[in-house]
Amino acid sequence: TIEKQHHRGTYHFSPKENWMNDPNGMVYFQGEYHLFFQHHPYGTTWGPMHWGHAVSKDLVVWEELPIALGPDEHGMIFSGSAVVDWNNTTGFFDGEPGLVAIFTHHAEAADNKPAVQCQSLAYSRDNGRTWVKYEHNPVLRHESYVDFRDPKVFWHEPSQLWVMVLACGQTVCLYRSPDLKSWTFASEFGKDVGFHNGVWECPDLFPLQVDGNDSGTKWVLLVSIGDDPAFAEGSRTQYFTGDFDGERFKPDRVSRETIRWLDSGRDNYAGVSWSDIPAEDGRRLFIGWMSNWKYANLTPTAGWRGAMTIPREIGLQLRNNETWLTQQPARELLAYRRPRINNSRITAKAAAAVLEDLQLSNYEIRVVLDAANSLDIHVRVGSKEKTVIGYNGSASEVFIDRTQSGVTDFHPDFPGRHTAMIPEQEGTLELRIFVDQASVEVFAGGGQAVLTDLIYPAPASTGLTVFAADDRMIIDSLEVY
Ligand code: FRU
């Protein structure tokens, strides 16, 4: 029997009890970050979906609140988003701005009738503490799409309309509305581009300034792709970059010609971004569900199941005239750093000796090394197990190897070595690695390559070390927090 808190992350959000999948309705309002989540409050596997709820002042410390939304006559509450209705376009609020959730109602197939998915609203006049479902739900239905879900809504200033991006089987559909209640079809994207082995889910669409390009703004479309048994990768999230004119998303050349994944690890799914981050902040903040439909229902925790990634900031970078997405840990995490080790210009041999004195299960390591060099970092090391994170300068590759990370036998596709190509670096390479009770997140080269993997080591596996082929190799900086 596993003890209840076993494998619970210390700085990753997980529900206090029972099952969680996708993050939902992330919105910032009146000093609070809201995080809702797909929740089965009566079991540790997927079941009748509710929206669980948590709030945070800094994206790191979360307080779980009572369940926000539960199933009703239209069905379960599937994924969706939330927005601040600043100008009372809905008429739900008297003069004051308020929160509106836009979500999928899912009615199970019954009596020879197929399952039905449609979009509905709920609103809150008390900062998300209580919710009222709109009396005329649903607000958007479709005759022929069976998979018709996960609305992500944002206000499009130039057209003075709300825009909804919705997953429609193998494409994404865009709808527009003046009031969140009546929706008009605008366009469909994805028929002939992108990855199609798996159902399209949880889209997001947002503009971002391109780094190092003063005038350049590009639009990013995230689309999560469901598990296809034929692919060991399981469920994962792809992204497109391009332009958006209020009606239509137009992918740029690299997005038409290549399939690009948000994360090269296995456990970052259904992630979307926060709504209504104040303009003076300007960040695009993201969180993902740190699991994979391939084995999400089988992971070895007890009493609860499912966690989120750390909060991240999404960026865009111009390389060879192409726009690429980056992910960096949200800066709020810096406030929680407590320095344990801080060495500069240390040999790999000396670094291993310093690390030998540490016993840690949840921490951040920051390593800076010559980009031409290679280094392996072993974390959560025990007598019979370890997780290996590696950077290989000659192959321009970063990897996580979790084949011997601890409990791996709950699914044949769980153990494995996951790699990310990293664009050639000039000078040095920075690795920021976040290790917790059941996860490893690697941010390489300022978030140009990112890997997120679950691991299930024994609590006593707290060792930590580094290996270089030549142990006289100089590590420019080695920090542990
Ligand atoms: C993605 C997803 C969504 C759906 C929800 C159901 O993980 O399948 O498409 O709304 O989970 O829990």
Side-chain angles (χ1 to χ4, degrees), residues 15 18-26 35-53 67-71 74-82 101-109 115-120 122 138 140-142 145-153 164-173 190 195-204 221-229 231 233-238 262-263 266-273 286-299 305-309 452 454:
N18 292 313
W19 166 269
M20 176 178 84
N21 55 293
D22 313 359
N24 293 152
M26 290 108 87
L35 170 65
F36 300 86
F37 51 91
Q38 288 287 280
H39 189 34
H40 179 203
Y42 313 111
T44 53
T45 52
W46 192 88
M49 283 290 113
H50 296 57
W51 273 28
H53 188 196
I67 286 167
L69 298 168
H74 301 293
M76 305 178 186
I77 314 297
F78 270 22
S79 287
S81 52
I102 308 97
F103 57 88
T104 299
H105 259 128
H106 170 91
E108 295 278 81
V116 176
Q117 300 188 337
C118 52
Q119 320 320 316
S120 291
L140 179 62
R141 45 165 98 241
H142 200 277
Y145 284 123
V146 182
D147 295 300
F148 189 62
R149 60 176 180 267
D150 308 340
K152 180 74 161 63
V153 171
M164 177 195 291
V165 246
L166 196 66
C168 297
Q170 288 288 314
T171 60
V172 156
C173 289
F195 190 79
H196 286 274
N197 293 88
V199 66
W200 286 30
E201 302 184 314
C202 299
D204 194 2
L221 177 66
L222 303 179
V223 183
S224 283
I225 309 293
D227 179 34
D228 177 328
F231 291 82
E233 287 86 350
S235 53
R236 44 190 165 157
T237 301
Q238 77 179 309
L262 180 73
D263 199 300
R266 292 281 164 87
D267 300 300
N268 179 2
Y269 193 65
V272 291
S273 67
F286 167 97
I287 208 164
W289 173 43
M290 198 157 57
S291 194
N292 190 316
W293 280 119
K294 185 75 83 192
Y295 44 70
N297 279 287
L298 304 170
T299 56
R305 190 179 268 127
M308 298 300 177
T309 65
T452 305
L454 290 170

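Order of appearance sets the numbers: ligands from 1, and atoms from 1 within every ligand.
Side-chain contact of Thr452 with Asp263: a donor-acceptor pair under 3.5 Å is present, judged by distance alone. For the 3.5 Å distance criterion, the side chains of Ser235 and Asp227 fail to qualify, holding no donor opposite an acceptor. Of the N and O atoms on the side chains of Gln119 and Thr104, at least one donor lies less than 3.5 Å from an acceptor on the other residue. Looking at Asn268 and Thr309, their side chains never bring a donor and an acceptor atom within 3.5 Å of each other.
Considering backbone and side-chain atoms together, Trp289 places no N or O closer than 3.5 Å to any N or O of ligand 1.
The Asp150 neighbourhood of ligand 1 comprises atoms 3 (C), 4 (C), 9 (O), 10 (O), with distances under 4.0 Å to a heavy atom of that residue. Close approach to Met49 involves these atoms of ligand 1, each under 4.0 Å from a residue heavy atom: 12 (O). Close approach of ligand 1 to Ser79 (heavy-atom distance below 4.0 Å) involves ligand atoms 5 (C), 10 (O).
Under the rule for a side chain to side chain contact (heavy atoms under 4.5 Å, CB included), the partners of Pro41 that lie at least two apart in sequence or sit in another chain are His39, His50, Ile67. For Arg149, the salt bridge (charged side-chain N to carboxylate O under 4.0 Å, His left out) partners two or more places apart in sequence, or in a different chain, are Asp147, Glu201.
Test Val153, Val172, Asp150 against Val165 for side chain to side chain contact (heavy atoms under 4.5 Å, CB included) and you get one pass: Val172.
Atom 8 (O) of ligand 1 has Glu201 OE2, 2.8 Å as its closest protein atom, hydrogens excluded (heavy atom only). Remark: minimum distance from atom 12 (O) of ligand 1 to any protein heavy atom is reached at Gln38 OE1, 2.7 Å. Nearest non-hydrogen protein atom to atom 1 (C) of ligand 1 is Asp22 OD2, 2.9 Å.
Heavy atoms of Val199 found under 4.0 angstrom from ligand 1: none, in either backbone or side chain.
The closest approach between any non-hydrogen atom of Thr104 and ligand 1 is not below 4.0 Å.
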